[in-house]
Asker: 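Quick one: structure below, then a few questions.
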2 protein chains.
Amino acid sequence: MPSPLRNGDAAQPRLPSHAVPPRLHHHYPPFHTTVSEHKIRRLNLLVLLLRLAAFCFSLAAAVFTAANSNSSRSSTSSWLNFDSFRRLVFATNAIVAIYSLLEMCASIREILHGTTLLPEPMQLWFDFAHDQLFAYLALAAGAAGATAARGLSGCSAEKPAASFCVQAYISVALGLAGFGFLALSALVSGFRVASYVLTGSRFPLY
Amino acid sequence: MPSPLRNGDAAQPRLPSHAVPPRLHHHYPPFHTTVSEHKIRRLNLLVLLLRLAAFCFSLAAAVFTAANSNSSRSSTSSWLNFDSFRRLVFATNAIVAIYSLLEMCASIREILHGTTLLPEPMQLWFDFAHDQLFAYLALAAGAAGATAARGLSGCSAEKPAASFCVQAYISVALGLAGFGFLALSALVSGFRVASYVLTGSRFPLY
């Protein structure tokens with residue numbers, strides 16, 4: 001991701017020297033004008049909802065995987081496989097859930113107080129980069145987890161699958177749903193960053 | 001991805017009714033002014049390079065996986081596993097390579113002739129959506145392929161791994177490198193879309 005980051009950073013010091021047209025906001029201090037405040041609030045609510053959904057699904061996936069552990073010690077080798085599968089899915093979804101929770105707190109704080117935790121451009125870049133990163137992480141864990149679950153002994157297609165297999169499939173699916181919401185919020189926060197870099201406001205379409 | 005799409009689409013018809021400031025280009029016909037033409041050309045070259053790299057890596061991964069097939073029929077069950085692994089990695093990387101090749105052709109055509117194949121906004125949205133989609137696809141295939149390769153019989157950590165295992169690991173790694181370049185080009189084309197939606201030009205920072 002280095003080139004767009006550098007792009008944006010290089011552009012921001014240059015912008016104030018331009019004759020800024022009246023439609024664009026001033027670049028730094030006035031946080032947002034009252035005209036666009038309503039739209040920014042709605043965008044923030046959308047991001048908050050997406051993060052809430054991502055949090056719920058990844059928390060559910062982590063809990064489901066953790067609860068799956070004690071019912072499946074059929075043989076030693078299957079247990080070893082199962083354990084590495086469980087570690088992978090649990091750890092990733094726990095990380096994603098914690099990240100979503102922290103971002104939700106930051107989002108709620110911003111909606112209530114109207115200011116961001118970090119300075120605004122840093123906060124926007126932070127949100128976008130981490131959304132994208134954790135979305136990739138969740139997808140990779142989901143794909144790897146699905147493959148690993150398929151390879152668990154006792155989960156073959158011939159006989160009806162054991163209950164721990166069904167639970168494993170469900171937890172992978174929950175994790176992938178969490179990935180979906182995280183990817184959507186990465187899209188929204190990417191749009192916010194680009195609009196901040198390009199126009200100096202987070203939501204200039206009004 | 002529906003909400004940002006709808007955002008952009010709703011915004012475009014509204015923009016011309018505004019008093020467009022002189023810094024922003026006209027919205028539709030003048031494709032780009034001569035001032036920004038140089039920068040757009042450089043951005044297009046960057047996208048072309050990223051796509052070329054993604055094409056090379058995913059083609060190499062597909063060829064490597066295909067060439068890996070005939071040397072590894074050790075037992076029937078391992079062959080079955082190996083076959084499904086091979087199908088997965090080969091198919092995904094072939095799809096990504098074909099997509100990158102087509103996009104490279106479109107990119108070269110645009111650099112030479114200065115016009116896009118589809119109408120410009122459609123082309124930008126098409127590029128971004130497909131870059132993002134195929135990046136997710138390549139990542140998922142890479143993660144699933146890595147897990148599957150680890151589970152192939154004969155690829156255990158105790159004894160030195162068989163040569164077909166090493167080849168499998170290499171092809172997965174090549175596919176993941178292709179994913180990296182595709183993700184970078186998704187970032188660049190996402191920036192292009194956002195800048196087109198927000199300002200009516202693809203590269204307003206000059």
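What you are looking at is a predicted structure, and each value in this text was computed from that prediction instead of being measured. Order of the sequence lines sets the chain letters (A, B, ...), proteins ahead of strands, with each chain counted from 1.
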Asker: Considering only heavy atoms, which portion of B:A146 lies under 4.5 Å from any heavy atom of chain A: side chain, backbone, both, or neither?
Answerer: neither
Asker: Is it the side chain or the backbone of B:A183 that comes within 4.5 Å of chain A heavy atoms, both, or neither?
Answerer: both
Asker: Tell me, out of A:L88, A:V193, A:L139, who's got the most heavy-atom pairs with chain B below 4.5 Å.
Answerer: A:L139
Asker: Should B:F191 and A:L198 be marked as a side chain to side chain contact (heavy atoms under 4.5 Å, CB included) after you check the CA-CA gap, both sets of side-chain angles, and the distance that decides it?
Answerer: CA-CA 10 Å; B:F191 179 78; A:L198 292 167; 3.9 Å; yes
Asker: In chain order, what residues pass the ring pair (Phe, Tyr, Trp, His ring centres under 6.0 Å) check against B:F55, with sequence neighbours excluded?
Answerer: none
Asker: What is the minimum heavy-atom distance between A:A143 and B:A143, and which atoms define it?
Answerer: CB-CB, 4.1 Å
Asker: So A:F128 and B:L187, side chain to side chain contact (heavy atoms under 4.5 Å, CB included) or not? Walk me through it.
Answerer: CA-CA 11 Å; A:F128 170 60; B:L187 277 184; 3.5 Å; yes
Asker: Going by ring pair (Phe, Tyr, Trp, His ring centres under 6.0 Å), name the residues that satisfy it together with B:F126, two or more places apart in sequence or in a different chain.
Answerer: B:H130
Asker: Considering non-hydrogen atoms only, spot the tightest contact between B:A194 and A:A194 and give its length.
Answerer: CB-CB, 3.4 Å
Asker: Can you measure from OH (B:Y136) to OH (A:Y136) and round to the nearest 0.5 angstrom?
Answerer: 5.5 Å
